[in-house]
Amino acid sequence: MKIAVAEGDGIGKEVVPPCIDVLELLLEDVEFITVEIGYAKWMREGLPITEEDIELIKQADCMLAGAVTSVPGHSVVVRLRKAFDLFANLRPFTSYALTPYGLDLIMIRENLEGLYFGKEELSPDRAVTERVITRSNTERLATFASALEGVEMVTIVHKANVLKSDVLFRDVCARVLQKHGVRYNEMYVDAAAYNLIKHPDKFSCILTSNLFGDILSDEAAALVGSLGLCPSANIGPDFAVFEPIHGSAPDLAGTGRANPIGAILSAKMLLEWSGQYDKAALIDASVRQTLKNGIMTPDLGGKSSTADVAHEIVRIIEG
Ligand code: NAI
Ligand code: MG
């Protein structure tokens with residue numbers, strides 16, 4: 001298996017290397033293709049990601065990424081999503097009993113449309129951002145949601161009472177889920193933000209558009225205890241990019257306080273995507289045991305460093 005690896009900026013450089021250790025331990029036949037993307041590259045070369053980088057990434061089966069610091073006028077994340085047609089952003093949230101909220105939720109966030117991809121205009125007195133939702137993209141997103149295992153109920157989150165684009169999103173999602181015999185309900189995004197905190201146990205899977213998914217993800221991350229715990233997968237028809245949901249956290253970079261678990265669980269999602277469920281389960285069990293052992297970074301109230309947590313996870317996998 002060939003995996004493109006981009007550490008990115010800030011704490012990306014600290015949380016990605018432990019993932020390589022874990023994957024090297026678990027996979028007999030793996031080749032890592034290192035790609036440099038992000039802010040530091042932009043400072044040096046004027047672009048945070050180049051056409052050559054995309055070609056290099058294409059040589060791999062999938063990609064593991066840290067976070068990149070935003071560069072004015074360029075979005076590396078958007079570029080990757082477009083280049084590999086990564087239409088679904090899958091984000092599981094599990095509370096591991098670290099908080100009083102019993103959250104066990106999968107968020108499916110649309111990844112290629114909505115407000116993050118619309119045409120924009122900015123002048124001193126007026127600004128416009130177009131919000132486009134298409135039937136074809138929504139259909140494949142909802143079809144992807146229908147195929148997920150272990151989902152009891154899909155909640156379609158939208159704002160169709162005011163946004164026409166969400167009338168289409170809601171109706172297409174509902175039709176596809178119904179066709180596949182998946183139980184679903186629907187909720188306005190403001191009610192969903194409220195209910196996530198008030199009744200977190202009511203949610204099994206949220207299916208939503210790009211901006212709403214971005215915001216609700218950070219809320220769900222707070223409910224499970226930390227942004228640093230949460231992994232994600234950006235899934236396309238034949239390629240996927242795995243990355244923790246957090247950013248480059250410049251406030252933490254170089255302090256040894258970054259939680260590596262979100263990144264390591266992203267490597268677990270990579271193994272699941274490639275059908276290696278037994279190895280993925282080893283990572284999951286080891287993360288759970290590490291947390292049970294109280295080896296945690298300060299974002300979870302612990303005193304351990306990034307390296308302590310990573311070493312404990314590796315030690316448990318090694319058995
Ligand atoms: P952030 O996720 O980097 O940080 C938000 C807060 O969460 C900070 O207080 C940070 O210390 C904490 N945090 C994040 N990851 C953590 C971890 N692993 N362990 C412990 N605490 C953690 O978001 P922020 O500050 O809004 O963005 C920083 C930079 O990252 C910006 O340039 C932003 O554009 C970029 N970013 C990149 C993303 C990507 O490449 N996928 C995603 C989100 C932000
Ligand atoms: Mg975000």
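Order of listing sets the numbers, starting from 1, for every ligand and every atom in it. When a residue number appears, it is its place in the shown sequence, counting from 1.
Under the 4.0 Å criterion applied to side-chain N and carboxylate O atoms, D53 and K41 are assigned as salt-bridge partners.
Shown here is E152, whose CD atom has no more than 12 heavy atoms of other residues, nucleotides or ligands within 6.0 Å.
At least one N/O-N/O distance between V68 and ligand 1 falls below 3.5 Å. Looking at P244 next to ligand 1, no N or O pair under 3.5 Å apart turns up. Checked against a 3.5 angstrom limit, the closest N/O atoms of T69 and ligand 1 fall outside it. For ligand 1, one of its N or O atoms has an N or O atom of S248 under 3.5 Å away.
Side-chain contact between K279 and L27 is present, with heavy atoms from C-beta onward closer than 4.5 Å. The closest side-chain heavy-atom distance from F212 to E110 is not below 4.5 Å. Counting heavy atoms from C-beta outward, R131 and I133 have side chains that approach closer than 4.5 Å.
Close contacts of ligand 1 with P250, meaning ligand atoms under 4.0 Å from a residue heavy atom, involve 28 (C). Numbered from 1 in the order shown, with element, the atoms of ligand 1 that lie under 4.0 Å from a heavy atom of I11 read 15 (N), 16 (C), 17 (C), 18 (N). Within ligand 1, counting atoms from 1 as listed, the ones closer than 4.0 Å to a heavy atom of L252 are 11 (O), 19 (N), 20 (C), 21 (N), 22 (C). The contact set between ligand 1 and E243, taken as ligand atoms under 4.0 Å from a residue heavy atom, comprises 41 (N). In the vicinity of V77, heavy-atom distances shorter than 4.0 Å reach the ligand 1 atoms 39 (C), 40 (O), 41 (N). Proximity to A67 (heavy-atom distance under 4.0 Å) selects the following atoms of ligand 1: 39 (C), 40 (O). Heavy-atom proximity to S70, at under 4.0 Å, picks out these atoms of ligand 1: 32 (O), 33 (C), 34 (O). When each atom of ligand 1 is checked for a heavy atom of L227 under 4.0 Å away, the hits are 2 (O), 5 (C), 7 (O).
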| said: For E51 and R79: C-alpha separation, side-chain torsions, deciding distance, then whether salt bridge (charged side-chain N to carboxylate O under 4.0 Å, His left out) applies. | reply: CA-CA 10 Å; E51 208 44 60; R79 178 78 191 280; 2.7 Å; yes

| query | Given M296 and L98, is the side-chain contact (heavy atoms from CB on, under 4.5 Å) satisfied, shown in steps? | reply | CA-CA 11 Å; M296 290 185 252; L98 293 168; 3.8 Å; yes

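With a 4.0 Å cut-off on non-hydrogen atoms, D299 touches ligand 1 through its side chain and not its backbone.
Comparing D218, D9, N259 by heavy-atom distance to atom 19 (N) of ligand 1, the nearest is N259.
Ring orientation note: the planes of Y188 and H158 are nearly perpendicular, at an angle over 60° on the 30°/60° scale.
Counting only distance, with no hydrogens or angles, the side chain of D61 and the backbone of K2 share a donor-acceptor pair below 3.5 Å.
Grouping the Ile, Leu, Val, Met, Phe, Trp and Tyr side chains by contacts below 4.5 angstrom, directly or via other members, places L227 with I197.
Ligand 1 has no atom lying under 4.0 Å from any heavy atom of V15.
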